[in-house]
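Below: one structure, written as structure tokens.
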Amino acid sequence: MSSRAPLCLIACANARDLVKGIGRRLGVEPIPGEDVWFPAGEGKFVIGTNIRGGDVYILQRALAPGSERSISEGFLMALHAADAARLADAQRITLVLPYLPGTRQDKRKASVREGVSTGLFARMIEASGVSMVITAEPHSEEMVAAYDPRLCVMESVSISRAFATFLDEKGLVGDVVASPDVGGLENAREYAQILKRDLAALSKERDYSRTSTVLKTTVLGDVRGKDILLVDDIVDTGGSVVSAVHALWERGAGNVVVAAAHAIMSDPSWERMAGLEAEARDRGLRFAMAGTCSVQHENPPPWFHTFSLEPLLADVISRINTRGSVRAVEGG
């Protein structure tokens with residue numbers, strides 16, 4: 001099929017490595033661009049060459065561990081880049097955010113006097129002139145409804161088949177696939193079906209008056225003597241993982257691998273995961289973790305494995321540019 005318009009790849013600073021890899025796969029040289037931050041904290045994005053009439057794809061990691069910029073600033077810079085592309089007369093603008101901020105804030109959980117970030121961020125993206133948002137494994141599929149399709153379409157890309165293949169090739173798949181909570185059961189079921197493994201689930205009780213606090217985890221299913229692949233979409237502070245792994249070991253489970261689409265790893269998660277790895281060795285077991293490059297961690301420990309999204313995102317971008325099927329890329 002013919003392309004919509006000349007394909008243009010632009011990266012904000014946090015995604016330059018990502019756009020280079022995607023560009024190599026597509027045979028496209030990335031368009032030069034620059035994040036500009038002023039001393040007062042204001043920012044703008046400058047595009048270095050003509051993109052008039054182009055089908056523009058802006059890539060950004062809003063969350064970049066080690067960066068002096070916050071996730072909110074990273075997201076705002078993506079909007080600056082989109083606005084710059086709109087003012088430069090791009091024909092069409094797609095924002096590629098492998099991890100989309102605000103996906104966990106899609107409802108009011110504790111009070112009617114709180115905002116809903118999913119809707120707010122969707123309105124901001126629409127206002128910047130973006131026609132489509134591409135993201136990988138959002139926390140809630142319902143967030144698609146936050147976007148007005150007359151203005152902007154959200155394309156949610158499933159990584160399960162590609163990620164499962166990676167885990168299998170790395171020898172990180174056990175006997176049973178489990179979800180850390182009932183809400184993630186369908187996601188775990190998909191991995192279990194792909195990998196042809198049994199399925200288990202964990203039910204966790206949270207204290208929503210305190211952030212990232214799990215009170216109790218209950219195992220649902222037969223895990224005794226079994227190695228476990230614990231699949232989650234997001235690992236942030238790691239409290240849920242610690243509770244889940246301990247519950248599995250208490251029920252007689254063996255080796256545990258945690259696989260997360262988005263390994264955010266906020267403090268004190270690295271310390272917690274290192275503690276699980278040490279505890280596993282003391283038990284004569286193995287603990288490992290895998291995450292995608294939606295959040296890139298420099299020099300991770302040997303027990304952490306990184307899955308690159310570059311091939312998948314390159315195929316998705318190519319398909320959209322030529323009006324092809326994204327589902328075909330995912331294996332569906």
Side-chain angles (χ1 to χ4, degrees), residues 3-4 6-35 45 47-49 51 54-67 69 71 74-75 77-78 81-82 85 90 92-101 130 132-138 155-170 172 259-265 289-300 304-322 324 326 328-331:
S3 63
R4 297 172 183 270
L7 196 158
C8 303
L9 299 175
I10 299 176
C12 297
N14 291 344
R16 283 181 184 146
D17 62 322
L18 194 58
V19 84
K20 286 179 182 178
I22 291 172
R24 283 195 297 269
R25 290 181 175 278
L26 296 177
V28 175
E29 189 69 26
I31 300 294
E34 181 184 7
D35 299 26
F45 191 86
I47 298 172
T49 192
I51 60 167
D55 185 17
V56 174
Y57 295 79
I58 298 168
L59 289 93
Q60 171 67 316
R61 287 192 185 97
L63 178 61
S67 171
R69 300 296 171 187
I71 187 171
F75 176 71
M77 185 53 70
R92 190 171 184 274
I93 303 167
T94 298
L95 191 57
V96 184
L97 290 163
Y99 174 68
L100 182 59
V130 172
M132 176 177 285
V133 177
I134 299 173
T135 192
E137 299 290 351
E155 186 69 64
S156 169
V157 178
S158 172
I159 67 167
S160 54
R161 188 165 296 277
F163 197 19
T165 300
F166 168 83
L167 295 169
D168 198 18
E169 291 172 348
K170 290 289 184 179
L172 299 173
H262 309 292
I264 295 175
M265 307 300 283
M289 187 172 180
T292 76
C293 70
S294 67
V295 181
Q296 187 69 35
H297 299 285
E298 298 298 327
N299 302 314
F304 186 92
H305 305 264
T306 303
F307 171 59
S308 175
L309 292 173
E310 289 176 7
L312 187 63
L313 290 177
D315 284 348
V316 167
I317 288 170
S318 176
R319 296 271 180 159
I320 292 174
N321 176 248
T322 57
V326 172
V329 173
E330 300 169 343

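For the pair Phe163 and Ala260, the tightest heavy-atom approach, listed with the atom from each and the gap, is CE2-O, 3.8 Å. The nearest pair of heavy atoms linking Met132 to Ile320 is SD-CD1, 3.6 Å. Here the closest non-hydrogen pair linking Ala136 and Ile159 is CB-CG2, 4.0 Å. Residues Ala82 and Val130 come closest through the heavy atom pair CB-CG2, 3.6 Å.
At least one donor-acceptor pair closer than 3.5 Å links the side chain of Asp35 to the backbone N or O of Ala13. Proximity of a side-chain donor or acceptor of Gln296 to a complementary backbone N or O of Ala64 within less than 3.5 Å is not detected. Under the 3.5 Å distance criterion, the side-chain polar atoms of His297 are left unmatched by any main-chain donor or acceptor of Thr306. Here the side chain of Arg69 pairs no donor or acceptor atom with the backbone of Met77 at under 3.5 angstrom. A side-chain donor-acceptor contact under 3.5 Å links Gln60 to the backbone of Gly74. Checked by atom type and distance alone, the side chain of Arg61 pairs as donor or acceptor with a backbone atom of Asn14 at under 3.5 Å. Thr322 places no side-chain N or O within donor-acceptor distance of the main-chain N or O of Ser3, the cut-off being under 3.5 Å. With hydrogens and angles ignored, the 3.5 Å screen pairs no side-chain donor or acceptor of Thr292 with any backbone N or O of Leu309.
Atom CZ of Arg92 is separated from atom CG of Asn321 by 9.0 Å, given to the nearest 0.5 angstrom. The CG atom of Leu97 sits 11.0 Å away from atom OG of Ser294, with the distance rounded to the nearest 0.5 Å. Taking CD of Glu310 as the start and CD1 of Ile317 as the end, the distance is 10.5 Å to the nearest 0.5 Å.
Taking the side chain as every heavy atom from C-beta outward, Ile134 and Leu95 never approach each other to under 4.5 Å. The side-chain heavy atoms of Leu63 and Phe75, taken from C-beta on, include no pair separated by under 4.5 Å. No side-chain heavy atom of Glu29 sits under 4.5 Å from any side-chain heavy atom of Arg24. At least one side-chain heavy atom of Leu313 sits less than 4.5 Å from a side-chain heavy atom of Pro98. Residues Ser158 and Glu137 form a side-chain contact, since some pair of their non-hydrogen atoms from C-beta on lies under 4.5 Å apart. With a 4.5 Å cut-off on side-chain heavy atoms, Glu155 and Thr135 do not count as touching. Residues Cys12 and Leu59 are not in side-chain contact: their nearest non-hydrogen atoms beyond the backbone lie 4.5 Å or more apart. Side-chain atoms of Ile10 and Tyr57, non-hydrogen and from C-beta on, never get closer than 4.5 Å to each other.
Ring geometry, Phe307 versus Phe166: the interplanar angle falls from 30° to 60°, so the pair is classed tilted.
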**Study point:** Working for side chain to side chain contact (heavy atoms under 4.5 Å, CB included), residues Ile58 and Phe45
**Key:** CA-CA 11 Å; Ile58 298 168; Phe45 191 86; over 6 Å; no
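Under the side chain to side chain contact (heavy atoms under 4.5 Å, CB included) rule, Leu9 has a single partner from Ile31, Leu18, Val56, Ile22, which is Ile22.
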